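Just so you know, these numbers use all the heavy atoms, side chains as well, and skip hydrogens, waters and symmetry mates. Note that the structure is predicted; figures quoted are calculated from it, not measured.
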Amino acid sequence: MLDAKIPSGKLDDKWVDYKGHCKLVNPANKRKMEVIIVGTGLAGASAAAAMGELGYKVKAFCFQDSPRRAHSIAAQGGINAAKNYQNDGDSVFRLFYDTIKGGDYRAREANVHRLAEVSSNIIDQCVAQGVPFAREYGGLLSNRSFGGTQVQRTFYAAGQTGQQLLIGAYQALERQVALGNVTMHARHEMLDIVKIDGKAKGIIARNLITGELEKHFGHAVLICSGGYGNVYYLSTNAMGSNVTAAWKAHKQGAYFANPCFTQIHPTCIPVSGDHQSKLTLMSESLRNDGRIWVPKNVGETRKANDIPDADRDYFLERRYPAFGNLVPRDVASRAAKERCDAGFGVGTSKQAVYLDYAAAIERYGKIEVSKQGLTNVSHEQIIAMGKEVVKEKYGNLFEMYAKITGENPYEVPMRIYPAVHYTMGGLWVDYELQTTVPGLYALGEANFSDHGANRLGASALMQGLADGYFVAPYTVGNNLADEIYNAAIPTTHPAFEEAAKKVAERIATLKNINGKQSAESFHKRLGKIIWNECGMSRNAAGLKQAILDVQALKKEFWSDLRIPGEINEYNPELDKANRVADFIELGELMCIDALTREESCGGHFREEYQTPEGEALRDDENFMFVSAWENKGEHEWQLHKEELKYDVIKPSQRNYK
C-alpha cells in the first residue's frame, strides 16, 4: 500500500500541526533555490506568485502566449468557501462532508479537510486582490447554491468567475515577474522531466515559436497543467488543453491515479454535428434557478412553451426531491441520459433536455414588484422586471447561448446535454502534493487528491488556489529545506543532455513517419472510442474492446501520421501530434482502470454494478482504495493501491432524495 504521509492526530488539527512543525528555508537560502512551475492557470499562477513572494527563484512555463490564456479563465459559476455568510448552517465540516460525499467516498479525508479549512482564506486573498465578486445591496459578498449542497456557499462574479480569479492571480504573478523573482516562459511546452539520482531536477521544454529544445534546472518541479478531458476530443476544455506534462511525469515514474474518474457536466450545449471540435459549457449556476424537464410523452411534437406543466416531467425534482435540480453532476448527467435513451429527449437530435427559466423570471419579477411597492402591475411588466434580475445574475451566459444557438433563452427553454468537463484522476500525490518522484509535485486538476470519483461544482477553482497559495508554499518548502546544501546543477550535466536527446529523437520519429493522416483525425477517432466505451456508462465487454481498439489506433498512428512543416519552426501540427500521442496512451490506461474497478462510484458508472433504481453501487469491501498506476513499458502498467481510511465520516450509499 502507498504511504500518503498523512500527519497523525485529530483531523481538525493535522494541517495546523503540519504548518507548525514543517521545516523552513531562511530568506537568504530561498534566493538560491530554483523552482520550476509548469502551467500558469489558477494553480500554477498562484503557486508562482506565492513562491516568488517568498523569495524563491521561480521559472514558470505555459504553452499559451500569456498566463491569462489558461483554461481556468473559462470557469463560469463560482468558487466554494465555508464562510457561512448566509447563516444557513455552513461550516468547515459541512464543506468537508459535502465534498467527501459528493466524491462518493473515494477521496482522502485529510486532503479534503485541509481544502475546506483554507477555503475562507482564498476569498479573503482574492478580495484583497480586487476580484469583483458579486455583492448584495448592502455591500456584503453574495452567495448562490451549487450542486450537491443544501447551503449557499458559492462566491461568484456573474458568469465569469474563473476569468476574474485568474486576472487576480495573474496580477500577483506579474508583480513577481516585475520584481525579478519569477521568469516567465510563454509559448513553451514541457516535453520531459529530468531526473538526477532519482529526483526531479529540471525539465526539457520546447520553444513553440522556434522549435528549439531548452534545458532548465530546478530544485523542485511543480506540474500545474490541468486535466485531461480532451482525451475525449469533444469536451468543454480549451482546444490546447492536454495531458502531456502530466503524462511525461508519469513516464518518468510518477504514478497516475484513478484515470477512469472523469466528470461529465450535465449542462452543456448539445453536439450539433461531426464538424464540431469542442463543446460549450453552460454554468452549473444555471441550475440554481432553472428547472430541468422533458415532455412526459415520447415523440412529443409541440414546442416547449406550448407544453403545459401537466405534460412536463421535471425528472430531477421527481427523483431527488431533497436536492431537486441541484444534485451532483454525475447524478444529474446520468438522469438526463436515461431520459434521452428512453425516448424523451428534445431537439432535432433527441439528445437534449430542457433547462427552463420561465418560473424563475416570474418569481424574480414578483419580488421586484414587492420591493418597489408597486400595485396594479401587469403580467408583462412582472416578466420584464424578472428578466432584468436574471440578466444581472446570468446575463453573459444567456448571451452566449443565444449567440451559439440562435434562440432567446429568456423566451424559450435552453436545450442542454451532458459533456466531458473535468477529470478527478491525475498524478498520485501524497499529503504534501509530492508525486512518487521526489522533488516532483502536482497541483490543481493535474493531481487526483481532493474530489474522489466526482467533483462538486465550484470546487475546482477552490482547489487550484488552495494548492497554489496556501499548501505548496509550506509543503514544497518543507522538502527544499533539505536541498539548501545542493548547488544548482548546470544543464550541461549528462542527465540533461540525455533527456534532450530522447525528446529530439521522438520528435524526429513523429515527423519522419510521413503517412497520410492528420493528428486531428486520430484524435477524433480516439475520442469516439473513449466516449462510447469509457464515457457516461461503461461495461466489461465494451472496455475490453476499447483497449484493443486504442492499441490498434496507436499502431496506426505511429505508422500513418502526417505532420506538415518542419521541426525547427512554429509548427502547431507537430505540437498537436505530440499531445495526441500521449492522449492515445492515456486512453488505454483509462480503459484498463475502468475495467479493473468492478464497482460504480461517482462518475465511474459500470452498468453491471447499479442499484435497482439505477444509481451507482459502490463496493467498499473490495475497492475502498486509490488506484495508482506505474508505467512498466509498452501497454503495461502495474497497479499500486492507497487504502482510503475514513476516521470521521462513515461511508454510506449516497442519497439525494
Side-chain angles (χ1 to χ4, degrees), residues 4-7 10-19 41-43 46-47 50 72 75 78-84 90-126 146-149 151 153-155 161 165 169 224 227 257-258 261 263 328 422-434 441-476 602 626 644 646-649:
K5 299 179 183 176
I6 299 170
K10 289 177 57 180
L11 185 64
D12 293 4
D13 300 333
K14 289 181 188 294
W15 180 234
V16 174
D17 288 348
Y18 178 91
K19 290 189 294 182
L42 284 180
S46 59
S72 300
I79 177 171
N80 289 328
K83 285 284 197 182
N84 195 30
D90 201 11
S91 63
V92 167
F93 179 83
R94 183 82 64 179
L95 174 53
F96 158 67
Y97 173 78
D98 286 344
T99 305
I100 290 284
K101 178 184 176 183
D104 216 353
Y105 306 97
R106 290 294 177 264
R108 188 189 292 154
E109 266 195 343
N111 287 56
V112 177
H113 197 278
R114 175 176 64 190
L115 177 65
E117 286 179 68
V118 304
S119 64
S120 293
N121 297 344
I122 297 169
I123 303 303
D124 296 340
Q125 170 89 350
C126 293
F146 255 64
T149 72
V151 297
R153 66 162 68 101
T154 304
F155 295 79
T161 313
L165 291 174
C224 310
N258 299 336
F261 286 175
Q263 180 163 88
Y422 186 89
T423 52
M424 286 73 67
L427 293 174
W428 184 89
V429 292
D430 60 20
Y431 187 75
E432 296 186 310
L433 305 183
Q434 187 168 216
Y441 299 79
L443 281 61
E445 192 179 354
N447 75 34
F448 87 100
S449 69
D450 290 0
H451 306 296
N454 174 67
R455 176 176 68 78
L456 291 184
S459 288
L461 306 184
M462 175 174 63
Q463 186 207 351
L465 292 177
D467 287 354
Y469 280 136
F470 299 109
V471 179
Y474 286 98
T475 62
V476 176
V626 176
L644 291 171
Y646 288 97
D647 299 323
V648 175
I649 292 177

Checklist entry - With a 3.5 Å cut-off and no angle check, do the side chains of D467 and Q463 form a donor-acceptor pair? => result yes
Checklist entry - Is W15 close to F470 at the side-chain level, that is, under 4.5 Å between some pair of heavy atoms? => result no
Checklist entry - Side chains of T154 and N80: is there a donor and an acceptor less than 3.5 Å apart? => result yes
Checklist entry - Can you tell me how far the CD1 atom of I79 sits from the CZ atom of F155, to the nearest 0.5 Å? => result 9.0 Å
Item to check | Short N-O contact, K83 and D124, less than 4.0 angstrom | outcome: yes
Checklist outcome for this item: CG of D430 to CG of N111, rounded to nearest 0.5 Å, is 8.5 Å
Next on the checklist: Looking at D98 and R153, is any side-chain nitrogen of the basic one under 4.0 Å from a carboxylate oxygen of the acidic one?
Outcome noted: yes
Item to check | Side chains of Y431 and K14 in contact at under 4.5 Å (non-hydrogen atoms) | outcome: yes
Checklist outcome for this item: To the nearest 0.5 Å, atom CG of D104 lies from atom NE2 of H451 at 15.0 Å
Checklist entry - Should the pair F448 and W428 be assigned to parallel (<30°), tilted (30 to 60°) or perpendicular (>60°) ring geometry? => result parallel
Checklist entry - If we only count heavy atoms from C-beta on, is the F93 to V648 side-chain gap below 4.5 Å? => result yes
Next on the checklist: Any donor-acceptor pair under 3.5 Å linking the side-chain atoms of Q434 with those of T475?
Outcome noted: no
Checklist entry - Are any of the side-chain heavy atoms of L644 and R106 separated by less than 4.5 Å? => result yes
Item to check | Side chains of Y441 and V476 in contact at under 4.5 Å (non-hydrogen atoms) | outcome: yes
Item to check | With sequence neighbours excluded, residues passing side chain to side chain donor-acceptor pair (under 3.5 Å) with Y105 | outcome: none
Checklist entry - L42 pairs by side-chain contact (heavy atoms from CB on, under 4.5 Å) with which of L461, I122, L443? => result L461
Next on the checklist: With heavy-atom distances below 4.5 Å as the criterion, would you say the side chains of R94 and N84 are in contact?
Outcome noted: no
Next on the checklist: Within the structure provided, determine whether S449 and V429 are in side-chain contact (heavy-atom separation under 4.5 Å).
Outcome noted: yes
Next on the checklist: Would you say H113 and E109 are linked by a side-chain donor-acceptor pair, where the criterion is simply a distance under 3.5 Å?
Outcome noted: no
Item to check | Nearest-0.5 Å distance that lies between atom CD in Q125 and atom CG in L165 | outcome: 11.0 Å
Checklist entry - Quick one: does L115's side chain get under 4.5 Å of S459's, heavy atoms only? => result no
Item to check | Donor + acceptor pair across side chains of E432, Y474 (<3.5 Å) | outcome: no
